[in-house]
Protein chains: 2
Amino acid sequence: MAVNPPRPSLPSLNALRAFESAARLGGFKQAAAELNVSAGAVAQHVKALEDWCGGALFIRHAQGVSLSSLGRQVLPEFVEAFDAISAASQKLRSLAAPKSLNIATLPSVAQLLLAEWLPELRAALPEARISVTAMETPPNLAREPFDLSIFFGREAKDEGAILLAGPDHLLPVCAPSLAQGVSGFEDLMALPHISDQFWPDDWAHWAKAAFPEQSYSGTGPSYSLYSVAVREAVNGGGVLMGHQTLVAPLLARGDLVPVLPVKVPLELNLTLWRNPVLAESALLEELVARIRELAMRG
Amino acid sequence: MAVNPPRPSLPSLNALRAFESAARLGGFKQAAAELNVSAGAVAQHVKALEDWCGGALFIRHAQGVSLSSLGRQVLPEFVEAFDAISAASQKLRSLAAPKSLNIATLPSVAQLLLAEWLPELRAALPEARISVTAMETPPNLAREPFDLSIFFGREAKDEGAILLAGPDHLLPVCAPSLAQGVSGFEDLMALPHISDQFWPDDWAHWAKAAFPEQSYSGTGPSYSLYSVAVREAVNGGGVLMGHQTLVAPLLARGDLVPVLPVKVPLELNLTLWRNPVLAESALLEELVARIRELAMRG
DNA sequence: ACGCAGACCCATTTTTTCTAGGCCTAGTCC
DNA sequence: GGACTAGGCCTAGAAAAAATGGGTCTGCGT
């Protein structure tokens, strides 16, 4: 008795993080996505925290939750605290491995642009260790361990955002051999339409903007990786609805050609974001400058 | 493929906490005590963190560890961040249950003083829910969920410290019946000496200061709980080396009497600490004021 | 030289955490 | 107004993480 009775303690850090995430993003589901767990796990953490403090942090509605007044009062502190943890971890990472530069980007950008640029980047920064991580959704740079991210954004007005290319355009492209004799919408429709699962509406969007009077109902093979779709197009497997930003190197090289000279602008700009919590680093500066250069050139 | 590839993520919060604790306290063992786990667990967490960032955070010596330069660079950020987490949690607790007041104290203080005071405290603060948690070592109020702590301290110059009683004194006490006819050191030595395992040197200390020319080699029953020792003394089981601060109520009531009129001062002051991270609270103010009053009176 | 303190390593066990799938509720869309 | 859907809740069981414990190693201080 009285040896080491369990002392009351603060709630588990993971529970606090689940609360912070759910409160900041406005839902257990979004928090679950951010934390890479199931929504149920988040719900359990939040419940544990509510049990600990004895008050409700969220008001449960049939569709979603909203912060209770208690939750609203404490949220800012937790956001700041977890921001501080993340920032400290990032600092630790960058101090421990100052030569390693981590880039997060879309699989398509990684395979079609970065793979193109990397030899030159490596040559320009021989001492750096550049890693590329492909992902579908942009990382929260304040919370995930990357130095840079390259994604398509609507407008690059966030802090640390750098426009890499003007508005993206859609244009149908295919292998040179396949393009011969195609001169109008009908000809184009007669060919197989390659599409990508990440941008499933590209064909419809292009058709509607380019040939509003025609009705488009396309079918064709679809791929989850844009680069595979591109490869198929290069191999003569059909016509791909090309994102100019991404297929530019292949157009320049002549591997692909525009089928019809009709470009449709999109509200997507290839944008580079720098991690806002990281300290200045000459190496990183240099990498950013090189990428800008390469993007401009392409 | 490319569905949801595991994204690199920040290190686990528990690993970061283990690092922070070990670095702040200067050893895995101390960190283990603070976190209520074994030292091996702390070592594993720290190792995981070192693997994550790829650098050593501690330099291992045969006896203990010391911070590496990397560890030294990032420690302050982590300390601040975890302080912020703790503060936010405390705020959550106090907002969710504003009427509950948690006091941490020594078992002896809880049983001999607080138990004495509680009826009056409850009467003075009827709406409050006062909880008392007994523990051997003072809590880190910035990190553990208590509003107040009451412990013996050398000098109350920390922030938030309030002296509850002047320097503590040792004096031998026993039941009135047993005290009769005891008039000197010899008489006292002839009686059973009750001692407490938390302060095992009380008798020797008192004897050396009060009767330096005599040699003391005492034996007698020893109890892990001071209050049990006190009860034994009240029941006539022997002479207890009393801490004046603690036995004052019993002396006042006549349950115990001084055996010899020889008090020896100690460098221990019963001190009350207020949680430094908590916001102002009228209820807490009132409780502090009442406790001061009761302590002064006793 | 010896004993000791403190940390490491690793297999095992315990605890925590996560998932899966069914249920419930309230908007929404024919 | 009935079906559908989104978003959370609950519970059991599975999976993963963390903790323990004991054997080992290394220098420091007697």
Side-chain angles (χ1 to χ4, degrees), chain A residues 3-52 54-68 70-71 75 82 89, chain B residues 3-52 54-68 70-71 75 82 89:
Chain A
V3 192
N4 242 344
R7 297 154 75 129
S9 60
L10 294 178
S12 104
L13 293 172
N14 290 328
L16 295 173
R17 176 163 58 179
F19 161 69
E20 188 265 351
S21 185
R24 177 164 42 80
L25 302 175
F28 291 1
K29 203 176 184 177
Q30 294 90 312
E34 175 169 277
L35 302 172
N36 287 314
V37 296
S38 67
V42 175
Q44 284 179 33
H45 278 307
V46 170
K47 187 154 194 344
L49 187 54
E50 290 179 323
D51 288 348
W52 177 81
L57 293 164
F58 289 97
I59 300 160
R60 272 75 169 176
H61 307 106
Q63 309 210 13
V65 292
S66 62
L67 269 180
S68 73
L70 176 61
L75 176 59
F82 280 104
S89 304
Chain B
V3 193
N4 243 345
R7 298 155 73 130
S9 60
L10 294 177
S12 102
L13 293 172
N14 291 328
L16 294 172
R17 176 164 57 181
F19 160 68
E20 188 265 351
S21 185
R24 177 163 42 81
L25 302 175
F28 291 1
K29 204 177 184 176
Q30 294 89 313
E34 175 170 276
L35 301 173
N36 288 314
V37 296
S38 67
V42 175
Q44 286 183 55
H45 277 304
V46 170
K47 186 153 196 337
L49 187 54
E50 290 179 323
D51 289 348
W52 176 82
L57 293 164
F58 290 97
I59 300 161
R60 271 72 170 179
H61 307 105
Q63 309 209 11
V65 291
S66 62
L67 267 182
S68 73
L70 175 61
L75 176 60
F82 280 103
S89 304

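Computed from a predicted model, the values in this text were never measured in an experiment. Each chain gets a letter, A, B and so on, in the order its sequence line appears, and its residues count up from 1.
Side-chain contact between Leu13(B) and Arg17(B): absent, with no pair of heavy atoms (C-beta onward) separated by less than 4.5 Å. Val42(B) has its side chain out of reach of His45(B): every pair of non-hydrogen atoms, C-beta onward, lies at least 4.5 Å apart. Within the 4.5 Å cutoff, side-chain heavy atoms of Asn14(B) are placed close to those of Asn14(A). Looking at Leu16(A) and Ser89(B), their side chains come closer than 4.5 Å, going by heavy atoms from C-beta outward.
A sub-4.0 Å separation between OP1 or OP2 of dC8(C) and a side-chain N or O of Arg60(B) is present.
The nearest whole Å value for the distance from the NZ atom in Lys47(B) to the P atom in dA19(D) is 16 Å. The NE2-C1' distance, from His61(B) to dC25(D), rounds to 15 Å in whole Å. If you measure from atom CG of Leu13(B) to atom C1' of dA18(D), you get 15 Å, rounded to the nearest angstrom.
The minimum heavy-atom distance linking Phe28(A) with Ala22(A) is given by the pair CD1-CB, 3.8 Å. Looking at every heavy atom in both residues, Arg60(A) comes nearest to Val46(A) through NH2-CG1, 4.0 Å. Residues Ser9(A) and Trp52(A) approach most closely at O-NE1, 3.0 Å, considering heavy atoms. Between Glu50(A) and Leu57(A), the shortest heavy-atom contact is OE2-N, 2.7 Å. Residues Leu67(B) and Phe19(B) come closest through the heavy atom pair CD2-CE1, 4.0 Å.
Within residues 20-35 of chain B, the residues that have a heavy atom under 4.0 Å from DNA chain C are, in order of number, Gly27(B), Phe28(B), Lys29(B).
One N or O on the side chain of Ser68(A) and one on the backbone of Ala56(A) form a donor-acceptor pair closer than 3.5 Å.
Direction change of the helix axis from one end of the helix from dA1(C)-dT30(D) to dC30(C)-dG1(D) to the other is 30°, with five pairs defining each end axis (rounded to 10°).
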Nucleotide by nucleotide, 5' to 3', does protein get under 4.0 Å of the base (B), only the sugar-phosphate (S), or neither (-) in nucleotides 15-25 of chain C, counting heavy atoms? ---BB-----B

